[in-house]
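Not measured: the values here are computed from a predicted model. Here is how names work: the chains are called A, B, and so on, in the same order as the sequence lines, proteins then strands, and each is numbered from 1.
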There are 4 protein chains.
Amino acid sequence: MTTKSSKPRRAAKKVPSPVEHRGNRHGRSEEARTAILEAADNLLVERGFAGVTIEGIAAAAGVAKQTIYRWWTSKTDVLMDAFVEDMAQASLPPDSGNLETDLKHHLVGLAKMLAESDTGAVFRALLAEAQHDSELAIRLRTQFIEPQRLRDLFPFQQAVKRGELSPEFDTEAAVEQLLSPIYYRVLVSGQPISPSYVEGLIRRLLLK
Amino acid sequence: MTTKSSKPRRAAKKVPSPVEHRGNRHGRSEEARTAILEAADNLLVERGFAGVTIEGIAAAAGVAKQTIYRWWTSKTDVLMDAFVEDMAQASLPPDSGNLETDLKHHLVGLAKMLAESDTGAVFRALLAEAQHDSELAIRLRTQFIEPQRLRDLFPFQQAVKRGELSPEFDTEAAVEQLLSPIYYRVLVSGQPISPSYVEGLIRRLLLK
Amino acid sequence: MTTKSSKPRRAAKKVPSPVEHRGNRHGRSEEARTAILEAADNLLVERGFAGVTIEGIAAAAGVAKQTIYRWWTSKTDVLMDAFVEDMAQASLPPDSGNLETDLKHHLVGLAKMLAESDTGAVFRALLAEAQHDSELAIRLRTQFIEPQRLRDLFPFQQAVKRGELSPEFDTEAAVEQLLSPIYYRVLVSGQPISPSYVEGLIRRLLLK
Amino acid sequence: MTTKSSKPRRAAKKVPSPVEHRGNRHGRSEEARTAILEAADNLLVERGFAGVTIEGIAAAAGVAKQTIYRWWTSKTDVLMDAFVEDMAQASLPPDSGNLETDLKHHLVGLAKMLAESDTGAVFRALLAEAQHDSELAIRLRTQFIEPQRLRDLFPFQQAVKRGELSPEFDTEAAVEQLLSPIYYRVLVSGQPISPSYVEGLIRRLLLK
DNA sequence: CCCTAACCGAGACGGTACGTCGTGTCTTAGA
DNA sequence: TCTAAGACACGACGTACCGTCTCGGTTAGGG
């Protein structure tokens, strides 16, 4: 596996050399790496998961197959990297001073990302693959699901700090109660997730 | 091998003729059909989704590839049929007279089925595939998810009938609140689903 | 298309019954038999030897595959029968009283049949097949090549009778000398066989 | 097995590189190429034309099917190449100073090759196929039949040079008169071709 | 005057081979 | 040392025919 995943795409070069190069004794080609991740992303969105092949990525990226195999182990591995780079820009939920507002904003954005964006398509494909690839399942949990849960907790933590919620409030349970219906609708039932539906979820959690 | 081979698989016959035959103008061979579905099931459990191939099913079932292609369009199609047959035996939740007891029994059984049984493995594989196969997604919703939701609703409906719950109780929302965490843990977070966790879910729904 | 369709194909009935029927205890269906032979012929001409399949013949003849397998053993077997029926109408060379005239007429006709007619196409296909099917080779020699050689001999025998040739004339050698270049051009070199070329062959044989 | 394996098959290299390699950007694997041609030859002789399949060749040569399809279009194409390599060793007829002797030697050898050798079996199979494959027919004429005719002409040309034959002698016609009965017997009538029969052919041509 | 044997069409079946696609490994030449 | 290029062995794909096997329908002839 590569370690590069934690850095934002293209921002931080791996190669010491400041000069552009195409892969030589100074290290790998950043150009190739970027082209591969972009090609993988695009192919997934354009042709679906089955349409992503190592050969296809190589051709689309103008890269030799071997270059892909040198750095990744499978197409899911490539997609995982692409997804991690996409998610690297994910920011903390807003902190407006009002829990309900913050939650709504955060959850609507998350739902939209999962259900509609290209990044969400990659996530769904990876989660699907993870159902029969336990190593990928672990990576996915470590690199996305757990960090995401931390982000999901943030508004509650701020509310506790502010005194808006009691310190005894079970934030873990609250997050699960809010989040799982969203994943359920995205992954299982396919039902749409409207802002008013999200409001309902929040109201049920907080007022009842 | 799975244990299911010992169970009578033939619950839902597709062939009208009551006579056993080996495939002729009257229709397909029930023998071949059953062997294919069982082989598909077994291969999925033994070798995982990627290990299921049409050639493998054909070989394991002692059947010609063409016989599979004559009746199904893809390996997912075969698995879908196998899953539907497995689920055909699913029965309504119990009706003991006490909502909490019924729910607990039902949900614990469902969680166990989804997370641990062979049938659950097939379901997870199909749901995974459905993430990038919208036709399959529709079939899966029509043939499993919606009927399942009706079964999930049953204890609440009985409780309303009995007067244990007010007629205004939002059963749909309640089902979603109970079920989605279970699917979330099975599909996304991989956390275990203990009976006491299920109890907690029910308590939070009913008492709060 | 074959020319035979206009001619009565049914010359040699296999069924004793004078009544038309569709196959029953009294024997096979003449209708089916004829349709099969015609379909085989047509397919050969239209789609080439590889385009002739038992399934294709059955479909084109509106007949069940089994009906073909009941009476023939292979597609070559069917074609052989079709060819034999086509050749059944072959008549003796003319006997005008002049050897050269008779030979020329006979050979030009034979060359045209072999190289250009549908029947010739069937013959070439069968001879090709006979190169790796010795049983067929024997049938072809017995049912066509030897009878044909007798017809080829006929003009010489008449010439000897008439006194135009001496009784010592080696008719066998003469036939081989005339015929083999024709087969060579048809089968091997693909060169055209013009009437003047045939005349040259005859002149070289008789005058030199 | 054939006896040909003892002969050096590699007469006509297709790969410019003098270095042995196993297939890379410099071109194809000579090893694979040779194994395929030998396997094709052997299968033809052992199992007949119908017994030659691409899958069979690949298995016998220890090669992937795709490697065959990369370089050839069909099994006939492979056999054609195998035949061409076999024939590459064909040498000019002898030039002893006596036409009759040279002809007899040449024709007896040719007849034996066509009728009895493994190479002849390949030739007959190809000629058979060429009856319904005009592209193959052209290749066969260009690569074997015409060069062969030039070799057949050679003894006559030498005899003319020597003054043994008049310059007006029609060598083309003579070759056709000698060769076509040989092909006729090999391909059509199946009669044996004894040395004395060949002598008779020559005598009839030259003395009459 | 039905019974029944022989033939028919239809078409499902277990197979074999087809020709194609993608995999992951390897080797080479060039920068 | 990394890259592009691409040949290779492998394995699965989905298709086309093979030859075999019922099955139900029909049509006389013999009982």
**Asked** Would a distance-only check, ignoring hydrogens and angles, find a side-chain to backbone donor-acceptor pair under 3.5 Å from B/Asp133 to B/Glu129?
**Response** no
**Message:** Please check this pair: side chain of C/Ser74 against backbone of C/Asp77, looking for a donor-acceptor N/O pair closer than 3.5 Å.
**Reply:** yes
**Asked** B/Ala61 or D/Ser74: which one's nearest nucleotide on DNA chain E is closer to the 5' end?
**Response** B/Ala61
Measure [atom1]/[X] against [atom2]/[N] and give the value in whole Å, please.
X	N	atom1	atom2	value
C/Arg28	E/dG9	CZ	C1'	16 Å
C/Ile57	F/dG19	CD1	P	11 Å
C/Glu30	F/dT27	CD	P	18 Å

**Message:** For residues 38-76 of chain D, which residue pairs pass the ring-ring contact (aromatic ring centres under 6.0 Å, His included) check, not counting sequence neighbours?
**Reply:** C/His132-D/Phe49
**Request:** Tell me which of B/Lys75 and D/Ala32 sits closer to the 5' end of DNA chain F, going by the nucleotide each one is nearest to.
**Result:** D/Ala32
**Prompt:** Can you list, by residue number, the residues of residues 45-56 of chain A that have a non-hydrogen atom closer than 4.0 angstrom to DNA chain F?
**Reply:** none
**Prompt:** Considering residues, nucleotides and ligands other than B/Arg70, do more than 12 of their heavy atoms fall under 6.0 Å from its CZ?
**Reply:** yes
**Request:** Verify the neighbour count for atom CD of D/Glu135: are there more than 12 heavy atoms of other residues, nucleotides or ligands below 6.0 Å?
**Result:** no
**Asked** How about B/Glu85 and B/Leu37: do any of their side-chain heavy atoms sit closer than 4.5 Å?
**Response** yes
**Asked** When you measure from every atom of DNA chain E, which of residues 64-73 of chain D have a heavy atom less than 4.0 Å away?
**Response** D/Lys65, D/Gln66, D/Tyr69
**Prompt:** Can you tell me if A/Glu38 and A/Thr34 form a side-chain donor-acceptor pair at under 3.5 Å?
**Reply:** no
**Asked** Does C/Asp81 come within less than 4.0 Å of C/Arg33, counting only side-chain N to carboxylate O?
**Response** no
